[in-house]
Amino acid sequence: MTALPDRGGFAALDACVHCGFCLQACPTFLVTGDEADGPRGRIELMRSLEQHLIAPDDPDLQLHLDRCLGCRGCEPVCPSGVGYGRGLEAARERMAETRSVPVIARLALWLLTTPGVSRVVYAFARLLRATGIPRRLAGTSRIGFSMGMLDATRGDRLVTGVDDSRLPTPAGRALLFSGCIMDGLFSHVHAATIRTLGVNGFRTGTPAGQVCCGALHAHAGMTGAARDLARRNVEAFGAGDEPIVVNSAGCGALLKDYGHLLPDDPAASRFAARVRDVSELLASAGPVPGGRIEERVAYDPPCHLVHAQRVADAPLKILKSIPGLRLIPVADAEKCCGSAGLYTVVEPGLSRSVLAGKITNLEEAGLDLVLTGNPGCVMQIGAGLAATERPVPVRHPVELLDRAYALAGRYG
């Protein structure tokens, strides 16, 4: 009996019955109105690719699959349980075998994720950010939007020290995944993560030897490079049972998927089972209430947290622990902002078109602050709001909880 070939991620598309429920959940379809820019049309393209009816270098195939944000907003609304993300991953990997990843994407990966190189890049970016120039140049032009993205990475830095004697005795230990962009431009979020976990009974360590999670590489079809990075991270975090805490939704989605990325490595599955978004860990611990903050805020759920990881309630539980906070519902908050890793670099026009509706809705809400748990989303939404008549800052939820704890005297 002849063994059936391993179809990989393409098999996850088999459940599709072409019902079309996914179309209104797809940001690119809503912008272009093109069936081939929606999940249903892309699934047909991916099926044809698997069956060798379309070549991997077909221009139409590449156009419409490259345009996909990979937000996976189609998955929660699918009544048939189609694993769209798995199919897209398999298709992009096959496409990458016959064409090189775009030069601009390779350059961005080299600059942002290569040890040594990225350290210099992030140091320069922090220096430029500190001058205040990005804030003054933020706007709607290509350069202005880039400056707005960099300016959005600023933290409030309201906490300068912690009196350890004021913190509870640790009841558990967690290990922080530092990542690349988070470590380079959002170290203040790491600091807030460690402090807020400390208030909630966790002592947090940061293992040496960890590297980029590989998400940007996987999204670009560079699965081999993603696997290499995954192996190094699995080794760096060891075989303990401490939770691995991550404060970047995009990183967390891939870290939780290491068992799929490295199917022959049992250690990868054990690693993946330990990964927790910081909101999950804080919510499981309470969290301890903070001081009063009377502001109007909106929570914008990152796609890779709410759709890929299916974590929806934990961030809201954190915000509800802050007295006085008014959480304002905003229309279509669950829709993608258009960041999607390197998407804002390789598809700038469509990325901005996807963002436009979200910015309009946030403007109309009359907010003091927007909260989201992914660095790309912070930068994308922050740049979009910076270009409006009433700029509103964008922060990670743990930053607001950190401020609430400082106001409550939790840090001494």
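Throughout, residue positions are numbered sequentially from 1 according to the sequence presented.
Within the 3.5 Å criterion, the main-chain N or O of D37 finds a donor-acceptor partner in the side chain of R42. Counting only distance, with no hydrogens or angles, the side chain of T32 and the backbone of D34 share a donor-acceptor pair below 3.5 Å. A distance-only check finds no donor-acceptor pair linking the side chain of R232 to the backbone of V211 [under 3.5 Å]. T131 places a side-chain N or O within 3.5 Å of a backbone atom of L128 that can act as its donor or acceptor partner. With hydrogens and angles ignored, the 3.5 Å screen pairs no side-chain donor or acceptor of D257 with any backbone N or O of H260. At least one donor-acceptor pair under 3.5 Å links the side chain of R154 to the backbone N or O of D151. Distance alone, capped at 3.5 Å, places no donor-acceptor pair between the D368 side chain and the V297 backbone. Not one N or O on the side chain of R40 forms a donor-acceptor pair closer than 3.5 Å with the backbone of C22. Side chain of R173 to main chain of P170: no donor-acceptor pair is present (N/O by atom type, distance under 3.5 Å, no hydrogens or angles). Here the side chain of N200 pairs a donor or acceptor atom with the backbone of V288 at under 3.5 angstrom.
Note on R270 versus E242: no salt bridge recorded, every NZ/NE/NH1/NH2 to OD/OE distance being 4.0 Å or above. Here R47 pairs with E44 in a salt bridge; the nearest charged N to carboxylate O distance falls below 4.0 Å. The pair K358-D300 counts as a salt bridge, with a side-chain nitrogen and a carboxylate oxygen less than 4.0 angstrom apart. Between R72 and E75, at least one side-chain N (NZ, or NE/NH1/NH2) sits under 4.0 Å from a carboxylate O, which counts as a salt bridge. Using a 4.0 Å cut-off between charged nitrogen and carboxylate oxygen, D402 and R410 do not count as a salt-bridge pair. A salt bridge links E295 with R403: the distance from a Lys NZ or Arg NE/NH1/NH2 to an Asp or Glu carboxylate oxygen falls below 4.0 Å.
Within 6.0 Å of CZ in R129 there are more than 12 heavy atoms belonging to other residues, nucleotides or ligands. Within 6.0 Å of CZ in R119 there are 12 or fewer heavy atoms belonging to other residues, nucleotides or ligands. By the 6.0 Å contact criterion, CG on D313 is open, its count of non-hydrogen atoms from other residues, nucleotides or ligands being 12 or less.
Between G250 and A215, the shortest heavy-atom distance links the atoms O-CB, 4.0 Å. Between I318 and P287, the shortest heavy-atom distance links the atoms CA-CG, 4.1 Å. Across every non-hydrogen atom of A174 and L281, the tightest pair is CB-CD2, 4.0 Å. Taking every heavy atom of both residues into account, D156 and E399 meet most closely at N-OE1, 4.1 Å. Taking every heavy atom of both residues into account, A208 and A236 meet most closely at O-CB, 3.6 Å. Residues V354 and C336 share a closest heavy-atom pair of CG1-O, 3.4 Å.
Taking the side chain as every heavy atom from C-beta outward, R106 and W110 never approach each other to under 4.5 Å. At a threshold of 4.5 Å between non-hydrogen side-chain atoms, the residues F271 and L255 count as touching. For the pair V246 and V278, the minimum side-chain heavy-atom distance is 4.5 Å or more. Taking the side chain as every heavy atom from C-beta outward, S279 and V311 approach each other to under 4.5 Å. Residues S118 and C180 form no side-chain contact, since every pair of their non-hydrogen atoms from C-beta on lies 4.5 Å or further apart. For the pair L371 and H396, the minimum side-chain heavy-atom distance is 4.5 Å or more. Using a 4.5 Å cut-off on side-chain heavy atoms (C-beta onward), F177 and C251 make contact. Put simply, the side chain of Y343 does not reach to within 4.5 Å of the side chain of H219, judged on heavy atoms.
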Output, in order, the C-alpha distance, side-chain angles, deciding distance and verdict of side-chain hydrogen bond (donor to acceptor under 3.5 Å, both in side chains) for N233 and Y258.
-> CA-CA 10 Å; N233 283 323; Y258 270 11; 3.1 Å; yes
Could you walk me through whether S321 and L401 pass the side chain to side chain contact (heavy atoms under 4.5 Å, CB included) test, one step at a time?
-> CA-CA 8 Å; S321 72; L401 184 63; 3.7 Å; yes
Evaluation steps, side chain to side chain contact (heavy atoms under 4.5 Å, CB included), between M46 and E50 | CA-CA 6 Å; M46 288 188 274; E50 182 195 13; over 6 Å; no
Decide yes or no on side chain to side chain contact (heavy atoms under 4.5 Å, CB included) for I43 and Y84, but give the supporting numbers first.
-> CA-CA 8 Å; I43 286 173; Y84 179 88; 3.9 Å; yes
Might you work through the side chain to side chain contact (heavy atoms under 4.5 Å, CB included) test for H217 and T113, ending with a clear yes or no?
-> CA-CA 10 Å; H217 303 78; T113 70; 3.6 Å; yes
Give the C-alpha distance, both sets of side-chain angles, the deciding distance and a yes or no for side-chain hydrogen bond (donor to acceptor under 3.5 Å, both in side chains) between N247 and H190.
-> CA-CA 8 Å; N247 46 30; H190 283 339; 3.1 Å; yes
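Atom CG of D60 and atom CG of L45 lie 8.0 Å apart (nearest 0.5 Å). Here the OG1 atom belonging to T28 is positioned 8.5 Å from the CZ atom belonging to R67, to the nearest 0.5 angstrom. Here L385 contributes atom CG and L355 contributes atom CG; the two are 8.0 Å apart, rounded to the nearest 0.5 Å. With rounding to the nearest 0.5 angstrom, the OG atom of S48 is 9.5 Å from the CG atom of D58. Here the CZ atom belonging to F202 is positioned 14.0 Å from the CD1 atom belonging to I194, to the nearest 0.5 angstrom. Interatomic distance, R203 CZ to L167 CG, rounded to the nearest 0.5 Å: 12.0 Å.
Side chain to side chain, Q380 and T344 meet the donor-acceptor criterion of an N or O pair below 3.5 Å. Looking at D57 and T98, their side chains never bring a donor and an acceptor atom within 3.5 Å of each other.
F237 does not carry R274 over the face of its six-membered ring by the limits of under 6.0 Å from the centre and within 45° of the normal.
Every residue two or more places apart in sequence or in another chain that forms a side chain to side chain contact (heavy atoms under 4.5 Å, CB included) with T206 is listed here: L176, S178, Q210.
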